[in-house]
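Written out below as structure tokens is the structure these notes cover.
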Amino acid sequence: MTAGLVAAPSAVDDVARGRVRRAVRWRAVVTVLAVLVVLTYVLTLMVGRTFYPPGDVVRVVLGQDVPGASFTVGRLRLPRATLAVVAGLSFGLAGVTFQTMLRNPLASPDVIGISTGASAAAAVAIVLLGLGGTAVSVFAIVAGLVVAVLIYLLAYKDGGAGTRFILIGIGMAAMLHSVIAYVLSRASQWDYQEALRWLSGSLNGVTWDRTVPALVVLVVLGPVLLTQTRALEAIQLGDDTASALGVRVERTRLLAMVAAVGVLAFATAACGPIAFVAFLAGPIAARVVGPNGSLLLPAALVGALLVLVADLCGQFAFGTRFPVGVVTGVLGAPYLIYLIVRSNRVGGSL
Amino acid sequence: MTLDHALTADALTLGYGERTVIDGLDLVVPPGRITAIVGANACGKSTLLRSMSRLLAPRSGQVLLDGKAVHRMPAKELARTLGLLPQSPIAPEGITVSDLVGRGRHPHQKLLARWSREDDEAVAEALAATQTAELADRSVDELSGGQRQRVWIALALAQRTDVLLLDEPTTFLDVSHQIDVLDLLTTLNHTRGTTIVMVLHDLNLAARYADHLIALAAGRLHAAGPPEQVLTPQTVQAVFGLSSEIITDPVSGKPLMVPRGRHHDLARQDLARQDLARQDLAREDPVREDLVPEEPAREAMEREVGVGRLS
Ligand SMILES: Nc1ncnc2c1ncn2[C@@H]1O[C@H](COP(=O)(O)OP(=O)(O)O)[C@@H](O)[C@H]1O
Ligand SMILES: [Mg+2]
């Protein structure tokens, strides 16, 4: 290594060209994902027991009065499709935030019990306490944060990341699942849809009063998370490196955790913990984006796409209708098993 | 030449939980020079560096950079002056070299600001200095140990700090790569005046490359100063519990530590050989039978001097 310490202008141009090339690819991927989300969203509004052409749908969305379509699309399909997008964005964003922050694809909130915690709290609030609306969301977010903090404290060692964190989280998820099962067994009139919603997530019977709080929280906290992208990417290199790069590691982790649990819990309160969306969105986004840039926004879009497509499939692809969470669960479980098998084979930590 | 910065530790006490690792340490890092920290495993070298880069808050005392306590400085401001390459940084799966090195620009970037020409220059320079420019688009996972270490150093260089701390930058490298890395750091020090503080395992490389040697023992400063003064048999004994001789390195003229160990000591081995030869003679000559030591004693001696197959 005897080379001089000053780079030739052409070398600087090479670096700049490489960076611009990656940025262009990243923007192209994000644009394509966003377009796909919009197209699937519109498609979701078009199909159902009655078919409405795109023109009618767009006019309803713009607030014009279209006989028939105004009710079916505006009242029934619009809140459901909108919640699908909001929940997908929320789950994708929260999942990739946790995975990046804890440097482990298994560390997503739906694997380590945070979604289950929020879901259990919502079930308790609705079924046992008879609450509704915002109170349910508050219950869910508090429970999500409590679970996150609990896992963090139980697993606290060398900054809290790592295998202990994940194993304790998986144990916690199992425990909270039994809480949900217990709550549902106590429900006065057995509601099959409700049960499925809290166990694996469902978009059936969604109305605006469930969709709006999740949307508002996403609009507020989503940008907060996106501003932490660079700090989270520095934390990926290890706490020591991040600190040396001027990141306040514990503060960033706390902020990101609260914001991620916030969007996650509000979405969960609205539609339950749609299985494995948080877990799958990041790795899929990583595949699509490649080494070209941040995963936060792409993962959010992949999350939205997953929920929209899974809901379409659940409603129309099979003879009977399945809730969205059943479809995403079928997608996610094999990947979870694959990850665990692979980490066993590599001979190491989860 | 860059501005010289004064980095000092003032009655610094560090620890984890109940345990105290560094106890009341006073330390001055000479500005614009190369300092090497040596000491036994687990004596607190990494802990000291982590505290200097503000990851670990002191129990008491402080680390001062130009008279200001680093733990009270804004994180990014400190990171523009003082960089650290930790002992075991983590490369995310699939990350490319240029992406990794680019993250060294973090302390220079505003929250949402775009990349500047200066960022590109810093990255290009860091890649050129570490000869990793041709690896720019490769994935870090697929590099050799030596290449990977150069990439990590490039990350620290891209940060463009006047003070650079490195925790065992040569561990896991073969000897020629160790020399490469240390030569690079020396060039950096000579051309830019970067103050370098590094933890090194190899005492002899530390003595050769450092202007200033710091020896830690049991959480305290044992000795500090030019290698010629610090690297003595007494220091080696106190810090590593090792008996040694110090000679002059014929290449650099710096002190060179030669460990004594239990085997391979020419002086002791000659004596032992003569002894065993005499005993063999005695065995062949029944008259001198009285000279042969009892078997266990002989075995013990052979084991001790490592010449078991001699007879
Ligand atoms: N994060 C930590 N938590 C608890 N103890 C630690 C931690 N890091 C290091 N130690 C302990 O502090 C002591 C000093 O460690 P370290 O500074 O890494 O030593 P060195 O770098 O000199 O080998 C060791 O006994 C180690 O076990
Ligand atoms: Mg160390």
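Every heavy atom of this structure was used, including side-chain atoms; hydrogens, water molecules and symmetry mates were not. The chains referred to below are lettered A, B, ... by the order of the sequence lines, with proteins before strands, and numbering in each begins at 1.
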Region of [X] that comes under 4.5 Å of a non-hydrogen atom in chain A:
X: B:Asp167; result: neither
X: B:Leu165; result: neither
X: B:Leu78; result: neither
X: B:Ile179; result: neither
X: B:Glu93; result: side chain

Where do [X] and [Y] come nearest, in terms of heavy atoms and distance?
X: A:Pro9; Y: B:Arg117; value: O-NH2, 4.2 Å
X: B:Ala124; Y: A:Val12; value: CB-CA, 3.7 Å
X: B:Ala75; Y: A:Arg248; value: CB-CG, 3.6 Å
X: A:Gly246; Y: B:Lys76; value: O-CG, 3.7 Å

Indicate yes or no: at least one non-hydrogen side-chain atom of A:Thr241 is less than 4.5 angstrom from one of B:Pro89.
yes
Full working for side chain to side chain contact (heavy atoms under 4.5 Å, CB included) between B:Trp152 and A:Leu237:
CA-CA 10 Å; B:Trp152 282 112; A:Leu237 308 179; 4.3 Å; yes
Nearest 0.5 Å, please: how far is [atom2] in [Y] from [atom1] in [X]?
X: A:Glu233; Y: B:Leu100; atom1: CD; atom2: CG; answer: 11.0 Å
X: B:Leu55; Y: A:Asp240; atom1: CG; atom2: CG; answer: 5.0 Å
X: A:Gln236; Y: B:Ile90; atom1: CD; atom2: CD1; answer: 9.5 Å
X: A:Ser243; Y: B:Leu84; atom1: OG; atom2: CG; answer: 8.0 Å

Whether A:Asp239 and B:Arg50 form a salt bridge (side-chain N of Lys/Arg under 4.0 Å from carboxylate O of Asp/Glu) is what I want to check.
no
Between B:Gly102, B:Ser88, B:Ala79, which shows the greatest number of heavy-atom pairs under 4.5 Å with chain A?
B:Ala79
Out of B:Ser98, B:Gly94, B:Ser53, B:Ser46, return the one with the most heavy atom pairs under 4.5 angstrom to chain A.
B:Ser98
Side chain, backbone, both or neither: which part of A:Arg230 has an atom under 4.5 Å from a heavy atom of chain B?
both
Which atoms of A:Arg21 approach chain B - backbone, side chain, both or neither, heavy atom under 4.5 Å
side chain
Going through the distances and angles, do A:Leu245 and B:Gln159 end up as a side chain to side chain contact (heavy atoms under 4.5 Å, CB included)?
CA-CA 8 Å; A:Leu245 290 173; B:Gln159 205 175 333; 3.5 Å; yes
